[in-house]
Every structure is written in structure tokens, then in C-alpha cells.
Amino acid sequence: MSENVDENKIRIHGSVEYITFRNEETGFTVLDVNSDGELVTVVGVLPMLTEGEEVYFSGRWDYHASFGKQFRAELCERRMPVSCEDWLNYLSSGVIKGIGPSTAAKIVEAFGEDTFDVLENNPRRLATIKGISLAKAEKISAAFRDQFAVREVMIALERYGMTASECLKTYKVFGASSAETIETNPYMLCSEGIGVNFERADAIASSLKNRPDSVFRTMAGVIHVMKHNLSNGHTCLPREKLLLPSSELLGVSEDEVESGIDMLLSKKQIVEVKLSGKKFLFLPNIYRAEKDAADHIKMILRFPPPKKSTLDDEIKAAEAKEHVVYEEKQRTAIKTAAEHGLLILTGGPGTGKTTTLKGIIRLFEDQGIDIVLAAPTGRAAKRMSEVTGREAKTIHRLLEVEWDESDHPRFRRNERNPIEAGAVILDELSMVDIYVFSSLLKALPMGCRLIMVGDSDQLPPVGAGNVLRDMISSSLLPVVRLTEVFRQAMESLIVTNAHKIVNGEMPDLTKKDRDFFFMERNSFAASKTVCDLCADRLPAAYGYDRLNDIQVLCPSRKGETGTNNLNRLLQARINPPSPDKKELNFKGRIFREGDKVMQIKNNYNIVWEKDDDNGVGIFNGDIGTIVDIDHRSSSMSVSFDGQKVTMGFEGAAELELAYAVTVHKSQGNEFEAVIMPAVAVVPQLSYRNLLYTAVTRAKTIMIIVGSAEQIRSMAINDRKSRRYSAMKYFLTDEYEEEQEQKYFFSDN
């Protein structure tokens with residue numbers, strides 16, 4: 001039997017017929033349920049279910065590429081065995097070691113509805129059954145108590161609307177006392193091991209008869225604010241900056257927030273460090289990531305790779321093979337890479353970063369050094385492969401990403417299992433967040449060279465940290481900044497305007513015969529012009545593919561020229577409704593076969609296939625096309641740069657239309673033609689780095705539609721979005737730990 005709970009959630013009821021698979025560590029289970037005579041495959045974290053139980057499941061229909069239609073359970077409500085028939089089914093399932101169907105029948109026949117009391121409290125009575133010794137009865141009773149301790153915890157926590165996965169995580173953290181612990185302090189559910197958000201924990205607290213101590217709520221609120229700022233890119237916050245937002249969230253005084261912070265420090269749930277005399281607060285895991293990254297860089301500087309003297313003859317040989325003549329700074333970069341083994345190569349478009357990179361690769365190959373190339377995203381890795389003629393991997397694939405039971409990424413390559421390479425060359429460093437960078441450094445073998453390439457004038461990464469700028473500003477690492485724009489690049493107005501923007505100058509908007517165009521429009525006219533250009537004018541004039549060659553980049557998601565509105569308009573123009581195209585309405589959003597979409601959350605579990613290759617993982621920022629929508633199997637197929645994945649309809653929660661994307665989301669990508677609306681940009685997004693990043697995404701044509709005054713205000717505004725990070729200070733030892741905590745933290 002099934003019923004609709006809400007628009008996208010279904011509730012089914014039935015009895016467990018057969019358990020096909022169970023992972024004892026994670027609780028993930030595949031089982032068959034008899035629901036009104038129909039056998040339904042149910043999957044989910046269902047650790048304590050046994051054959052014969054009657055259960056209510058809440059969740060969604062899903063589709064598995066190999067196993068077909070199945071029900072993905074998010075919640076399950078079970079009944080404790082009550083009747084003799086219930087007990088017989090439960091005990092016959094083999095869930096209690098030492099009890100099979102025959103013994104189960106004897107127990108239920110002997111004790112009837114007293115079976116529970118006998119099994120839990122009276123093993124001596126159990127021993128009166130023929131074939132059960134006292135020793136065996138005590139073992140059965142102990143196994144039963146362990147089994148029901150978990151079940152009772154699960155049932156108690158499910159009353160608060162917790163999923164089976166959350167219940168199991170809670171039990172693993174707090175054991176048999178889980179229910180009592182949560183009733184005393186429901187905010188413990190916000191810990192890393194469980195991951196319930198603050199709002200839900202607050203709702204659970206409000207539902208309790210006895211309200212928990214207010215300091216628990218204050219501490220959880222402070223952590224919540226810190227995590228929110230982490231998602232905004234900050235690795236730390238000045239202590240005083242935390243007071244007001246925490247006070248407003250919690251509705252308490254700043255003095256109470258101060259007390260909560262002190263309590264968190266005493267419990268080592270946050271870290272306090274002095275940077276330039278000011279107190280900064282960190283979450284322990286990101287403190288470790290920044291500190292470890294800085295320590296690894298200092299270790300490479302202290303114990304550099306074996307020095308290789310690079311003769312001019314070797315560079316000349318590389319020039320001959322690459323058919324180029326390097327300018328002075330390019331030669332300096334190549335020699336530094338070879339002799340020091342650590343280098344940051346930076347510079348704007350047209351300054352020869354790619355040429356220099358190819359020279360470094362050529363020299364390393366001539367010296368017999370094994371090289372690995374990597375970039376943050378699939379598209380960036382693909383472009384790196386195209387320009388170097390050598391295989392490049394995403395950092396995640398290089399580090400052989402896996403995922404833990406909480407769906408957090410972990411890497412097989414680390415200090416104990418390092419990358420097999422003599423040199424790692426990393427492109428698009430400006431995109432790399434501190435977690436990924438720290439993980440990469442841990443996986444470098446001793447003596448491995450590290451060459452990092454990036455444009456420090458671009459936007460910082462979507463994730464937390466400011467890796468490239470922090471390392472450059474520390475003045476500790478060898479940095480070569482290429483500044484000379486080559487003659488052939490000077491012919492591109494995209495290149496020359498990008499350099500004008502980064503220097504705070506007004507770009508040239510007057511040319512009509514080059515590769516950079518400006519079209520003056522107000523907000524409402526701008527949106528129509530953008531759609532005309534993308535849907536009709538550029539494809540007609542240049543033969544561009546509307547999905548693959550043209551990308552609209554917006555400063556913001558909101559407003560007339562934001563991604564939300566433009567995606568709606570562009571979908572209607574480029575991929576309108578058709579009887580030949582199936583659609584999915586997911587929470588009011590229409591997805592249609594042929595739509596251009598972007599993955600907006602890392603999914604480490606999803607399997608992809610490409611030609612004869614296959615792998616796992618689609619990542620935040622990957623752009624693809626919906627190939628097929630199948631309502632019979634409740635599934636859809638999406639191709640991400642040829643990597644085809646099949647996902648259930650609930651996977652649409654991790655997709656959004658991508659005819660227009662924000663400039664932030666475009667990092668690491670390059671498009672033949674870029675169209676950017678620049679009018680009525682909100683002040684907090686009207687700054688130089690954003691405009692520069694948008695312009696440098698264009699490979700062949702850049703078109704800005706909007707206001708010249710808006711472009712001027714962005715070009716002259718050098719207010720970089722403020723991002724608090726500490727790697728610079730850790731590199732230069734300009735910090736003081738308030739407490740000698742080092743690496744011994746509690747994550748609870």
C-alpha cells in the first residue's frame with residue numbers, strides 16, 4: 001500500500017519478506033517488502049529491520065541503472081512485536097544468534113505474550129526449554145538485550161522525525177544512552193558524526209517537555225554561524241565578528257554568546273588563534289587543513305627535491321622541440337621549476353602561462369622525471385590535456401576519492417599511500433579550496449616537485465580558503481608573475497580589455513570589428529538582447545552550437561538579468577516544450593530533455609560511463625545535457641562532457657538549468673562565446689575581480705550587454721570580496737595559539 005505524503009514523498013506499508021543485502025558498518029540495506037501483495041524493493045539505511053516485521057516507509061521512488069525501480073526509504077516506522085505471531089516471525093528470522101525457526105516456535109509456544117520479558121530478564125526460565133542450556137540461555141538473553149537496545153534507540157529517535165541514517169549515526173556516537181543524551185541536549189545532533197542542522201535540532205528542543213540548558217543552544221548557534229561563514233569561503237572569523245550574528249540568530253545578548261564561545265573553547269570544539277594581534281576562531285577540521293597545508297609547504301622548502309642544475313642548452317633544446325623562444329621571465333620560471341622544485345606561476349591572459357607550462361613539462365621529461373597533471377574540475381583538466389597534449393586528471397581522481405558512511409570524501413592517496421610521481425603540475429590554482437589543497441599536499445611523496453599555475457586576479461574558490469593569494473602574499477614561495485602580453489595576444493580585445501580591467505581602467509567598448517563587443521541596454525531590454533544573441537544571432541553569424549559554444553554569465557542569481565530569470569527565458573527560446581520531449585516537474589522547476597544543466601553539489605556515489613571507460617563522481621560546477629527522462633522508471637540520463645549518468649528523479653535536487661550561470665560558478669571553464677549582462681548589479685557584486693573573471697572565461701567572443709557606467713564602476717572597484725583565511729600567517733609563523741591545542745581536538 002502506498003500513499004502521497006507530500007508532492008515528492010511517498011509512504012508505503014508492508015511486511016519484510018527477504019533481506020537481500022546489508023552493510024553492517026553503515027546499515028545500508030536492500031530488502032523486499034510485501035506491500036498489498038506486490039513485492040517492492042526498498043533500499044536505505046535500515047540497520048535493525050528483520051524478516052517478518054511490519055513497517056511504514058517514507059521516501060521516494062528511485063531508479064538504479066542495474067536493478068531498476070526501487071523505493072528509497074528516508075524514514076521507517078516499525079512496530080515492536082506484540083502478538084505471538086509477531087514474535088514467531090521476529091525470532092524465526094535469525095536476528096538473535098542461537099535462535100532458529102524450530103527454537104523460536106518452542107519459545108513462543110512456551111511463553112506466549114511474555115516472550116519479551118523472558119528473553120530480556122529471565123534466562124533461567126528460557127533454560128527450561130529442551131535443548132537450551134543455562135549458558136546458552138544467558139547468551140541468547142544478552143544478544144536479545146543488545147539487539148533491542150539498538151531498536152529501542154531507533155524507535156525513540158524516530159519520534160523526532162530523524163531518518164534511519166541519523167538514528168544509526170546517533171547510536172554509534174552515544175550508544176544505548178542516545179535517547180537520554182538527546183533529550184538532555186538535542187544540539188548534540190549537530191556534531192560532525194551526525195550532521196543534523198541547527199534549525200532541526202532547535203525544533204526538536206522546542207518539542208521536548210523539559211527544555212535543555214540554554215548554554216547548549218548558544219554553543220550550537222555559534223557553531224552554526226561559523227559553518228555558515230565557512231560556506232561563504234571564510235576559514236576563520238575574528239572573534240568580535242561572531243558576536244552580533246550569533247546574538248541575532250539566538251535572540252540572546254552578546255555576553256551570553258561570549259560565554260558560549262568560552263565554553264566551546266574549553267571543550268576544544270573550536271580553536272582560537274591570534275593573527276596580527278587579533279583573536280580569530282576556527283572550526284577544528286579547517287584549522288587542521290590550513291595548518292597542515294602550511295606545514296607541508298614549509299617542509300618542501302626545508303627539504304627540497306634533489307637539485308638539478310638547468311643549463312641554457314637544455315632550455316634551448318626545449319625551445320627547439322616546442323618551436324618557441326622564451327622571454328626572460330618564462331626562462332626564469334622554467335629554471336626555478338627545475339632547480340627549486342616548487343613554483344607558483346601566475347599571470348593574466350596572453351602572457352604565456354601555457355607556453356611556459358609546456359616548457360616546464362618538456363624539460364622535466366628530458367630529465368626523466370615522471371609528471372602528473374591535475375586541475376580542480378573536469379573541464380579544466382580537459383582543457384589542460386588539450387593545450388599540453390598530455391593526460392590531465394581532476395584532483396579528486398588523482399587522489400582516488402572515496403566516501404565515508406556520512407558521504408564525506410576521503411582520499412586513498414595520502415601520507416601512507418602517496419602519489420607515484422616525481423612532479424605534480426596543478427593548473428587553475430585559484431579555484432582550489434583549502435581542504436582539497438591540504439589533501440593534495442599530504443599525498444605528495446618526499447622529493448616530489450610541485451608546480452602551481454593560476455591567475456591571482458580571478459575570484460577566490462567557491463569552497464573555503466584563499467590558497468593562491470595567501471601563498472603569494474606570504475613571500476615565502478618562489479613566484480614568477482608573467483606580465484608581458486605577447487604581440488599575437490595583443491590583437492585580441494578580450495586580452496587587452498582584461499588587462500585594462502585588472503589595472504582599474506575602463507575597457508574599450510567602442511570597437512565593433514574585434515572579439516569584444518558592448519551593447520548598451522537597460523535591465524528589461526538587456527534580458528531580451530541576451531536571449532536573442534544566445535538563441536539566434538550568434539548561432540546564425542558564427543555557426544555556434546547554442547548549448548556547447550555559448551555561455552551566459554551573470555553577476556547574480558536574482559533580478560531581471562539574474563540566472564533565475566534568464567534560465568527561464570532561455571529555456572523557452574532554446575528548448576521549448578514539444579510533444580517529442582519528455583519533462584519532469586520537480587518542486588515547481590521544469591526539466592526537459594535537451595536542457596543544459598549544471599550539477600550544484602558534489603556527488604561522489606554516482607556512476608558514469610564514457611565510451612569504454614567508467615568511473616564514479618560528478619562534481620559541483622559540472623555542466624551537462626539531459627539526454628532522457630523516463631517516467632516509467634522515475635529516472636533521467638544526463639551527459640556531462642560525454643560522461644553519461646543515470647539518476648533517480650530525486651537527483652534533480654542537485655541540478656539546475658545552466659543556460660545562464662553565475663560568474664562564480666564559471667571558474668575553471670572556458671567558452672567559445674560569453675555573454676554577460678552588466679546592468680543594475682548589486683553593490684556587493686559590483687567589483688573588479690568579478691568582471692575580470694567573466695571576461696577571461698571567453699575564448700573567441702565576449703559580449704557585454706548593459707550599462708557603460710556599470711562596467712566603469714566595476715572596473716574601478718578593487719574591493720575584493722573579504723575572505724578571512726590564515727594560511728599566510730601559518731606560513732610565516734605570524735600567529736599565536738591561545739591554547740596549546742595542536743592537533744588534539746574533540747569533534748563532538
Side-chain angles (χ1 to χ4, degrees), residues 348-349 455 457-459 492-502 506-512 514-535 537-538 542 544 546 549-567 569-570 573-574 596 598 621 623 657-717 721:
D455 187 342
D457 291 313
Q458 287 187 22
L459 291 169
S492 166
L493 206 56
I494 292 174
V495 171
T496 56
N497 274 342
H499 285 275
K500 285 188 175 189
I501 290 167
V502 88
M506 183 68 174
D508 186 348
L509 306 180
T510 63
K511 300 290 192 299
K512 303 295 182 185
R514 302 279 287 280
D515 56 2
F516 191 109
F517 302 92
F518 171 69
M519 305 173 77
E520 184 87 36
R521 298 288 190 277
N522 62 32
S523 292
F524 293 99
S527 59
K528 182 180 185 305
T529 299
V530 167
C531 292
D532 289 342
L533 287 165
C534 193
R537 295 172 63 175
L538 288 181
Y542 299 94
Y544 287 151
R546 296 186 294 181
D549 295 332
I550 306 170
Q551 185 61 58
V552 178
L553 300 183
C554 306
S556 171
R557 299 176 66 89
K558 299 178 181 179
E560 184 70 21
T561 55
T563 59
N564 293 339
N565 186 52
L566 283 175
N567 271 317
L569 297 175
L570 286 164
R573 289 284 297 275
I574 294 173
K596 185 176 184 178
M598 175 181 278
I623 296 175
L657 294 177
Y659 300 101
V661 302
T662 62
V663 177
H664 283 83
K665 284 285 191 180
S666 73
Q667 289 173 267
N669 291 314
E670 188 177 64
F671 311 97
E672 286 295 329
V674 168
I675 306 167
M676 179 186 179
V679 58
V681 180
V682 293
Q684 59 266 37
L685 293 173
S686 182
Y687 55 93
R688 184 183 302 168
N689 289 85
L690 189 140
L691 178 61
Y692 174 78
T693 300
V695 169
T696 54
R697 298 308 90 207
K699 184 177 180 182
T700 307
I701 289 179
M702 178 75 201
I703 303 174
I704 300 182
V705 181
S707 158
E709 188 53 41
Q710 178 70 75
I711 296 170
R712 184 187 304 278
S713 68
M714 295 180 79
I716 65 175
N717 182 9
S721 52

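Note: hydrogens, waters and symmetry copies are ignored here, and every other heavy atom, side chains too, is used. These numbers were taken from a predicted model, which means no experiment stands behind them.
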Take Thr696 and Asp457 through the side-chain contact (heavy atoms from CB on, under 4.5 Å) test and state the conclusion after the steps.
CA-CA 10 Å; Thr696 54; Asp457 291 313; over 6 Å; no
In terms of heavy-atom contacts, Gly348 and Asp455 come closest through CA-OD2, 3.8 Å
Kindly write out the residues that satisfy salt bridge (charged side-chain N to carboxylate O under 4.0 Å, His left out) with Asp508, not counting sequence neighbours, or none if the list is empty.
Lys511
By side chain to side chain contact (heavy atoms under 4.5 Å, CB included) - contacts of Ala698 (at least two apart):
Ile494, Val674, Met702
Between Gln551 (side chain) and Tyr659 (backbone), is there a donor-acceptor pair under 3.5 Å?
yes
Spatial distance of atom CD1 (Ile703) from atom CG (Asp515) [nearest 0.5 Å]:
10.5 Å
Taking Val681's backbone N and O only, do any of them form a donor-acceptor pair with Gln710's side chain (distance below 3.5 Å, no angle check)?
yes
Nearest non-hydrogen partners of Phe671 and Ser666, listed with the distance:
CE1-CB, 4.3 Å
Where at least one partner belongs to residues 549-559, residue pairs that pass salt bridge (Lys or Arg N to Asp or Glu O under 4.0 Å), sequence neighbours excluded:
Arg557-Glu656
State, with a plain yes or no, whether a side-chain heavy atom of Ile704 is found less than 4.5 Å away from one of Phe516.
yes
Under a 3.5 Å cutoff, is there a donor and acceptor pairing between the side chains of Thr529 and Arg521?
yes
Kindly give the heavy-atom pair with the smallest separation between Cys534 and Ile675, and that separation in Å.
N-CD1, 3.9 Å
Looking only at heavy atoms, what is the nearest atom pair of Leu566 and Cys531, with distance?
CD2-SG, 4.3 Å
Test item: Arg697 side-chain N/O and Asn669 main-chain N/O as donor-acceptor pair under 3.5 Å:
yes
Is there a side-chain contact between Tyr544 and Ile701 (heavy atoms, below 4.5 Å)?
yes
Enter the distance from Leu690:CG to His664:NE2 here, rounded to the nearest 0.5 Å.
6.0 Å
Distance check, rounded to the nearest 0.5 Å: Lys528 atom NZ versus Leu569 atom CG?
11.0 Å
Which residue, Leu570, Asn567, Ile623, forms the side chain to side chain contact (heavy atoms under 4.5 Å, CB included) with Lys596?
Ile623
Please find the pair of heavy atoms, one from Ala708 and one from Phe518, that lie closest to each other, and give the distance.
N-CZ, 3.4 Å
Could you walk me through whether Tyr542 and Thr700 satisfy the side-chain contact (heavy atoms from CB on, under 4.5 Å) test, starting with their C-alpha distance in whole Å, then the side-chain angles of each, then the deciding distance to 0.1 Å, before giving a yes or no?
CA-CA 11 Å; Tyr542 299 94; Thr700 307; over 6 Å; no
Would a 4.5 Å heavy-atom cut-off, applied to side chains only, mark Arg514 and Ser492 as touching?
no
Shortest non-hydrogen contact from Gly621 to Met598?
O-CE, 3.7 Å
Within the 4.5 Å heavy-atom criterion, are Leu533 and Val705 side-chain neighbours or not?
yes
Can a donor-acceptor pair be found, under 3.5 Å and without considering hydrogens, that links the side chain of Glu672 to the backbone of Ile550?
no
Would you compute the distance between atom CD1 of Ile574 and atom CZ of Arg546 and round it to the nearest 0.5 angstrom?
5.5 Å
Thr662 side, atom OG1; Leu685 side, atom CG - distance, nearest 0.5 Å:
9.0 Å
Apply the test side-chain contact (heavy atoms from CB on, under 4.5 Å) to residues Thr561 and Val530: give CA-CA distance (whole Å), side-chain angles for both, the deciding distance (0.1 Å), then the verdict.
CA-CA 9 Å; Thr561 55; Val530 167; 6.0 Å; no
Considering only heavy atoms from C-beta outward, does the side chain of Met676 approach that of Cys554 to under 4.5 Å?
no
Test Val661 against Leu553 for side-chain contact (heavy atoms from CB on, under 4.5 Å), laying out the working first.
CA-CA 5 Å; Val661 302; Leu553 300 183; 3.6 Å; yes
Any donor-acceptor pair under 3.5 Å from Ser686 side chain to Pro683 backbone
no
Rounded to the nearest 0.5 Å, how far does OG of Ser527 lie from CG of Asn565?
6.0 Å
Using side-chain heavy atoms (C-beta onward) and a distance below 4.5 Å, is Leu459 in contact with Tyr687?
yes
Check whether any side-chain N or O of Ser523 sits under 3.5 Å from a backbone N or O of Glu560 as a donor-acceptor pair, and report yes or no.
no
Contact check, side chains of Pro677 and Val552, non-hydrogen atoms, under 4.5 Å
yes
